[in-house]
Structures are given as C-alpha cells and as structure tokens.
Amino acid sequence: VLTICGQTGAGKSSLINALMQANIQNVGITPTTQENATVSLALEGVPVYLMDTPGIGEARSDEAYVENLKTILPQTDLLLWVVGFDNRALDRDVKVLQEIHAIDSSKPVLLLANAVDRVARDFDAKTFDPEKGTHEAEERVRTWIAFLHETFADCHLASIIPCSAGESFDDTAHQYNLSYVSNAIENLLPQAMRMRWLCFERITTNRDEKANKMILGATATAGAIGLLPLPIADMPFIVATQVALILSLCSVYGRAFTADAAKSLSLAALSAVAGPLAFQTITKFVPGFGSLVGMGVASGCTYAVGKVTQT
C-alpha cells in the first residue's frame, strides 16, 4: 500500500499517472478547508491513498489530519510525501512528519521534490542536471533542494528526490528522474511487495530488466529463509516465494493465468525442488553448517525456477 501526501497542487495525481499510467486527472480530494477526507484508489491491484496536507490559512487542524493519517499508517508500506516546486511554506508538513515518526519510527518516508519542470519554460528533461548543471534553472532547483534538506533535517526521511511528472502519464517531455523514483520506491518496499510494484510500475519498459530484478529479489528472500535454523518448517515459505515469483513473471510477460494454472504451478514448483529441499532440511539439523547449506540450496533452487519461468 502506498500513501501519497502533499499540499493541493503538489502533483500527487500526476506522479501516479506517470509511474503507473493510471490516467487520473481529477482525483476528487476534498479541499482541506472542508472535511478531513482521503481518496482510496486501487490502481492495477496496488492500493493507493491520496491525501491533501493542510496548507497556509486552511481551516482544518493539523491534529485532525494526523488522526486521519493514523488510520492509514498501519496499512501503509511506504509513505510518499510530495512537495511542488518551489514551495517553502512547509512548517506544517514538517510538524506532521515528525508526529508520524513518533507514531511509527519504522515507516519509511520518501520525499519527492516534484514539478521541477516549472523552473523554466524551456525546461528540457534530457539535459536538465540539478547536481552539475550551471544554468540558472538548475541552480534554482539546486538551491531549493538544499532548502528542503535543511527544512526536513529532523524528519527522518529516507531520501529527497527531485523529479517531474508532467500533467499526465503521456507527457514524457516533462518527465524527469522518474526511473530513480521508481527504483527508490522498489527498494523501500518490503521484499514481498517489491515484485508487485515491479509488475505494475510503467517506468521500466524493459521486461527482461524487470524479470531479472524479480528473480534476484526472490532469490535473496529464499536464501534468507533458508538460512533460518528451521528444519522442514521453512519449506512452505520457500515454495511460496517461488510461486509468487512465477506469478509475477507471468504478469510481466503478459502470459494468461488462471486459478487452476496457479495450483498447477504451485505443485510443479514443489516437485521441482522437492529433492534439494529435502537435502536442505536434513542438513538443518547440523548447527551453523546446515543453515549455510540451506541458504545455498534455497537461493539456488529459486534462481533456477525463476530463470526457467523467464525463458
């Protein structure tokens, strides 16, 4: 679950459009001067919450906003905080983020410094470089990003990423740094959710690249499970990881998939690794060495299952 917060006009819906080709133009978020409202969307099977944060002079209290956010936080895997160029009235955002950290310090928060294409009419996403560029537009964005780092210094952010999404998912001329944003989202999500994100994000168009990321992620997960000193008990989790990998790869490559096929794939994955997993289970009774063997067998089998499915 992604929760996306930001002041009105920061570009929350535009980012979702660009990242997932959702084509949402009017999300219908109630203005923050009215009810404390949240828009819940299910985009390609990925739950997304959109929330307007209180801005300057708006009547709704920060306390009411935080209470509303509290109901969503337990379900949220990653909080995206969107700030539009070059907003500097962010005292309330800082206060809310600090309260969120006090509520749940383990919740990752990624700040997206959005709409840097507004810096100049002749903005060119292909040449724009706020880190090394020397044009006035790049220097202005660089100054703003430095301001954001200073302003949010005590908010425990995972990262601050400058980006631009344009007005819709097909406005590619104004899209900047979205591949980096997508990768950051992937890396901050729990391992179990990363394959799901890779299935539905639309920035990475190379299917083989997506598939390879999924295989490596599932391999790491299975290896971590195999390392645990749990003879027999770890087998269902390893097989479940492999089945989830197969499902995700089928989605990426556009292969038809049904409930019956899912059951067949589950049984096929189990039979394919039954021998190696049985050996792994026996070695688990040897302290230390058994866990290392288990990790190697689990990760090796998962990688093989992924590659066979990919081909």
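Just so you know, residue 1 is the first one in the sequence shown, and it goes up from there.
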field: Partner residues of P74 under the side chain to side chain contact (heavy atoms under 4.5 Å, CB included) criterion, sequence neighbours left out
entry: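 None.
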task: Using side chain to side chain contact (heavy atoms under 4.5 Å, CB included) as the criterion, list what pairs up with K307, not counting sequence neighbours.
output: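 With sequence neighbours excluded, K307 shows a side chain to side chain contact (heavy atoms under 4.5 Å, CB included) to N212, I215, Y303, Q310, given in chain and number order.
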Can you sort out the partners of [X] under salt bridge (Lys or Arg N to Asp or Glu O under 4.0 Å), two or more places apart, ordered by chain and number?
X: D77; answer: none
X: D104; answer: K107
X: R121; answer: none

Which atom names give the shortest non-hydrogen contact between [X] and [Y], and what distance separates them?
X: A165; Y: Q175; value: O-CG, 3.7 Å
X: R194; Y: L189; value: NE-O, 2.9 Å
X: C5; Y: T3; value: SG-CG2, 3.9 Å
X: L245; Y: A218; value: CD2-CB, 3.8 Å

With sequence neighbours excluded, residues passing side chain to side chain donor-acceptor pair (under 3.5 Å) with [X]:
X: S164; answer: D117
X: T241; answer: none
X: D124; answer: none
X: E131; answer: none

message: Atom CG of residue position N187 - does it have more than 12 heavy atoms of other residues, nucleotides or ligands inside 6.0 Å?
response: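 Yes, enclosed.
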- prompt: Which pairs with one or both residues in residues 73-93 pass ring pair (Phe, Tyr, Trp, His ring centres under 6.0 Å), sequence neighbours excluded?
  reply: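 Ring pair (Phe, Tyr, Trp, His ring centres under 6.0 Å) check on residues 73-93 returns F85-W144.
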query: Between L2, V109, I72, L188, which is the residue that forms a side-chain contact (heavy atoms from CB on, under 4.5 Å) with L79?
result: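 So, applying the side-chain contact (heavy atoms from CB on, under 4.5 Å) to L79 and each of L2, V109, I72, L188, only V109 qualifies.
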Is the backbone of [Y] close enough, under 3.5 Å, to the side chain of [X] for a donor and an acceptor to pair up by distance?
X: S182; Y: L178; answer: no
X: K12; Y: V82; answer: no
X: E186; Y: K213; answer: no

query: So, do I4 and L15 sit near enough that their side-chain heavy atoms are less than 4.5 Å apart?
result: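 The answer is no, as the side chains (C-beta and beyond) never meet within the 4.5 Å cut-off.
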message: For a 4.5 angstrom cut-off between non-hydrogen side-chain atoms, does P130 reach V116?
response: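 Result no, sub-4.5 Å side-chain heavy-atom pair not found.
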Considering only distance and modelled atom types, tabulate donor-acceptor pairs under 3.5 Å from the side chains of residues 147-163, sequence neighbours left out.
{"unit_1": "T151", "atom_1": "OG1", "unit_2": "F147", "atom_2": "O", "d": "2.8"}
{"unit_1": "H156", "atom_1": "NE2", "unit_2": "H101", "atom_2": "NE2", "d": "3.4"}

message: Please verify the inter-ring angle class for F123 with H174; under 30° counts as parallel, over 60° as perpendicular, anything in between as tilted.
response: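 Ring orientation of F123 relative to H174: parallel.
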- prompt: Taking only residues at least two apart or on different chains, which pairs with a member in residues 134-144 satisfy salt bridge (charged side-chain N to carboxylate O under 4.0 Å, His left out)?
  reply: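 Qualifying pairs: none.
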